[in-house]
Amino acid sequence: MRRLAAACTALFLTALPALAEGTEDQVTSFSLDNGMEVVVIEDHRAPVVVHMVWYRAGSADETPGKSGVAHFLEHLLFKGTDTLAPGEFSQVVAKNGGTDNAFTSTDQTAYYQRVAADRLGLMMKMEADRMVNLRLDEEDILTERDVIIEERNTRVENDPAALMREQLGAALYLNHRYGVPIIGWRDEMETLDLDAAYSYYHRFYAPNNAILVVAGDVTPDEVRRLAEEHYGPVPANPEVGAPRARPQEPRQMAERRLIFKDPRVAQPYVMRRYLAPERDAGAQREAAALTLLEEILGGGQTSVLNRDLQFDRKVSLYTAAFYNGTSYDDTSFGLIVVPAPGVTLDAAEAALDETLAAFLDEGVDPAQLDRIKFQFRADQIYARDDVQGLARRYGGALTSGLTVADVQAWPDILQSVTGDEIVAAARKVFDRNHSVTGYLLPDEAAPAAQEVSQ
Amino acid sequence: MKPLLAFVFSLFLAAPALAEIDIQTVETPKGFTAWLVEEPSIPFTSLEIRFEGGTSLDAPGERGATHLMVALLEEGAGEYDARGFAEASEALAASFRYDSGPDTVSVSAKFLTENRDAAMALLRESLVAPRFDEDAVERVRAQVLSSIRSDAKDPDAIANATFDRMLFGDHPYGSQPEGTEESVSALSRDDLIAAHKAALARDRVYIAAAGDISAEELSSLIDGLLGDLPATGAPLPADLEVTTTAGVTVVPFDTPQSVAMFGQKGLKRDDPDFFAAYVMNTILGGGGFEARLMTEVREKRGLTYGVYSYLVPLDHAELYLGRVASANDRVAEAITVIRDEWAKMARDGVTREELDQAKTYLTGAYPLRFDGNGPIARILVGMQMDGLTPDYVTTRNAQVEAVTLEDVKRVAGDLLKPDALRFVVVGQPEGLEETPGQ
């Protein structure tokens, strides 16, 4: 192992010029007169294109009491417009050999198609149409509401771990809408109606609140011409697109603890989330430190948590750390420990806290940090093979308050963060008064599963 | 970390012009054959290796041996212990993934051009010289046992396991590849060594690469990587016939949404009617919103988030399966609608318009799959395992186009068996009559 590791270090030092080649030169951005932003990512290896429209509108922008309406509306955009019958949008995409889909998150809703590059204009024509010309009736609403309730059943109600995560999220955020599930609370989903859907639509769907991302075998000039033809005529809506002012978190002063029991739980675990800062435009260093911290603590077999808890102390089966800095408001840093047989959740949690304390004390292992940074550099190469992934990276960032310049500065910022900065960011985040800890346990009425945790 | 909500079906991967997919066949000095698409514009390579046989090679009484063995390949090899191996691959920014299925062991690698030799030397250790250290075996065994216990309380996993048991009985397909708590607990280090010899052998390997590598470089890479594996592995399991009877099997489980799997006998990948069946299934229950099952069960009635059917040509048996999930008080209606659609398709086939639309979709979407080095390497290795030749990439759409209305009608009538369509329902379904049989 020594020999190869030494060889790698040498490579890593000499390889910098090759790896410095990034993805920036593939990317062009501009705006239309109506305020719609456009990002073009070129990849001419194949005559295909990914066409995405992102709205700066997600579940965290919903009106209280209407949880789930952002996602509900996303489904309803596949119903009709003045010129398209219900379902016709996807049918036309399929008839052109393409595929389409959409997704909703806390800060954004996005619609996308993958088609042959010469069909880009048609995709734009239809997407521009449903941006403002949606036509819904009562029947659409009722049937599709049943569908999203079944979707909630599949994603959440049938999975006790998902139910616990939902409770945990609600406890982490005392005031911010990030505490409300994207799919919605079931009781509120059942009341969503035509008014709720239209009201969200008219509030957020307009070109000046949207970002067009086109990736693939296209040139910026071509995209500009087509975008001006199809999206250009859609008027900006001055009511839409003001800076998003959402209720923010108050000072958090007490840690929260939850115990979630369900007879369907076979494997207990403990999960903790701390409130954590996100990437801000022009200020991404702390988020970069936390991104590296996530890898240091939870990235694979050599991570600090696995080293201590799985290999050395043998108290866990798995550990994980998770952090996503691409967020409009305060995000979270999460930790999971799945205990080994015979280890209680109390003991697993205590071991986790000991490991975190020791890490803050000892600091970052420089060799581990070098390996992680090298992997982030290599990711710049691997990412060029996946333009849809790049398109998502830009769309996600631009709907989370970041700019194209921020996205392009990010890789260098990651490389420049020091071990001391990482420990400082960790110290700030790991404050139990800003956290929630959840235990997922089998219900006591189900003795068969108890042996796992005892 | 919060997963993005999305419609459930995944889209096909996107696309190059077929003419640009230039597949080279590489014959190595040690007798391996590999397919290669050279794509030098990005300095890395994707490599896909498949070993035929997979978890169905488990020796009697040692269910789970292949699965556990594959999970241990990266947990210590040659001079590296588990963490040493991970450190070495991280230092190279290489990615190695090892997986096992009923018919295959698969190895997927992605590595930079600048340190290719070191990356391949490391990958070789995991394939040729895995250590199966005692502490690693115990650690990973505990993970597998936890996963087996979790599957026992997961409605999807219960439905799968029940269906497999009913259809395949004592054949390896009839039990879960992970094994049972008892069988996995009993596996010894010798069992794992034997499973390694049985599954990773030169007589059953398929190889494809795409990326920044020449045919000469790939040839010597493969000989170095795989040349020291044993010449022959364990015999493959026997073929078997699938038989089902119409009806419903209920597995009571306290959860709000019932999960239903349904299925019957399918057809082989090399059956002359495979394309007609594939086009027919696209119309009946394939990926899109336009499919009849999606239209009838979801779009018109709101009974589910997703309903699908799919042909499953395994190496030793042929299935035609489907899946739906509906609230306990609605699943009976979903099943009635699916049964009706199955019978309607068997009786009437499809319309000209449906056929034309399915063909346009399938032929247009096919090139979109060749999107990047990783997807291309995966497609090429899959083609080899299906017994296809490189020119399939250019003839496949013509085979779709050649399917006629009469073909679909005939194949639908032959293949679909409404009187043999079996449902396995896991949940607390209301108003559903259970009928014995399999």
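What you are looking at is a predicted structure, and each value in this text was computed from that prediction instead of being measured. Note on naming: letters A, B, ... go to the chains in the order of the sequence lines (proteins, then strands), and numbering restarts at 1 for each one.
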(message) Under 4.5 Å from any heavy atom of chain A, what part of B:Ala358 do you find: side chain, backbone, both or neither?
(response) neither
(message) Between the side chains of A:Asp312 and B:Arg83, is the shortest nitrogen-to-carboxylate-oxygen separation below 4.0 Å, so that they form an ion pair?
(response) yes
(request) Before giving the answer on side chain to side chain donor-acceptor pair (under 3.5 Å), spell out for B:Ser146 and A:Gln267 the whole-Å C-alpha distance, their side-chain angles and the decisive distance to 0.1 Å. (result) CA-CA 7 Å; B:Ser146 166; A:Gln267 174 62 66; 2.6 Å; yes
(message) Please tell me whether B:Glu87 and A:Gln301 have a donor and an acceptor in their side chains that are separated by less than 3.5 angstrom.
(response) no
(request) Could you walk me through whether A:Gln375 and B:Glu90 pass the side chain to side chain donor-acceptor pair (under 3.5 Å) test, one step at a time? (result) CA-CA 7 Å; A:Gln375 289 177 283; B:Glu90 287 167 9; 5.5 Å; no
(message) Report which part of B:Pro155 has an atom under 4.5 Å of a heavy atom belonging to chain A: side chain, backbone, both, or neither.
(response) side chain
(request) Would you please test B:Arg298 and A:Glu144 for salt bridge (Lys or Arg N to Asp or Glu O under 4.0 Å) and show each step? (result) CA-CA 8 Å; B:Arg298 171 173 159 155; A:Glu144 204 58 31; 3.3 Å; yes
(request) Using the side-chain contact (heavy atoms from CB on, under 4.5 Å) rule, take A:Val147 and B:Thr304 through it: C-alpha gap first, then chi angles, then the decisive distance, then the call. (result) CA-CA 6 Å; A:Val147 171; B:Thr304 191; over 6 Å; no
(request) Enter the distance from A:Leu317:CG to B:Leu145:CG here, rounded to the nearest 0.5 Å. (result) 9.0 Å
(message) Can you tell me which portion of B:Leu303 sits under 4.5 Å from chain A's heavy atoms? Options are side chain, backbone, both or neither.
(response) backbone
(message) I'd like to know if B:Lys300 and A:Glu139 make a salt bridge, using a cut-off of under 4.0 Å between side-chain N and carboxylate O.
(response) no
(message) If I measure from the heavy atoms of chain B, does A:Asn158 come under 4.5 Å with its side chain, its backbone, both, or neither?
(response) both
(request) Let me know if B:Asp151 has heavy atoms under 4.5 Å from chain A in its side chain, its backbone, both or neither. (result) neither
(request) Mind telling me whether B:Tyr305 and A:His75 have parallel, tilted or perpendicular rings, with 30° and 60° as the class edges? (result) parallel
(message) Main chain of A:Glu150, side chain of B:Gln257: is a donor-acceptor contact present, judged purely on distance under 3.5 Å?
(response) yes
(request) Could you look at B:Glu125 and say if it's the side chain, the backbone, both or neither that has a heavy atom under 4.5 Å from chain A? (result) neither
(request) Counting only heavy atoms closer than 4.5 Å, note whether A:Gln310 contacts chain B via side chain, backbone, both or neither. (result) both
(request) Select one option (side chain, backbone, both, neither) describing which atoms of B:Val259 are under 4.5 Å from chain A's heavy atoms. (result) side chain
(message) Given the ring of B:Tyr361, does A:Lys95 sit roughly above its face, with NZ or CZ under 6.0 Å from the centre of the six-membered ring and within 45° of the axis?
(response) no
(request) Kindly compute the distance separating CG (B:Asn373) from CZ (A:Arg45), expressed to the nearest 0.5 Å. (result) 6.0 Å
(request) Start with the C-alpha distance between B:Glu138 and A:Lys314, add both sets of side-chain angles, then the distance that settles side-chain contact (heavy atoms from CB on, under 4.5 Å), and finish with yes or no. (result) CA-CA 11 Å; B:Glu138 292 318 314; A:Lys314 301 187 190 330; over 6 Å; no
(request) Take B:Asp371 and A:Arg114, measure what side-chain contact (heavy atoms from CB on, under 4.5 Å) needs, and give me the verdict at the end. (result) CA-CA 11 Å; B:Asp371 173 36; A:Arg114 309 183 76 159; 2.6 Å; yes
(request) Determine, stepwise, if the pair B:Thr255 / A:Arg264 fulfils side chain to side chain donor-acceptor pair (under 3.5 Å). (result) CA-CA 8 Å; B:Thr255 202; A:Arg264 295 169 294 173; 2.7 Å; yes
(message) I'd like to know if B:Arg330 and A:Asp146 make a salt bridge, using a cut-off of under 4.0 Å between side-chain N and carboxylate O.
(response) yes
(request) For B:Ala325 and A:Thr154, work out which heavy atoms get closest and say how close. (result) CB-OG1, 4.3 Å
(request) Measure B:Gln143 against the heavy atoms of chain A and call it side chain, backbone, both or neither at under 4.5 Å. (result) both
(request) Identify which part of A:Arg307 has an atom lying under 4.5 Å from any heavy atom of chain B, answering side chain, backbone, both or neither. (result) both
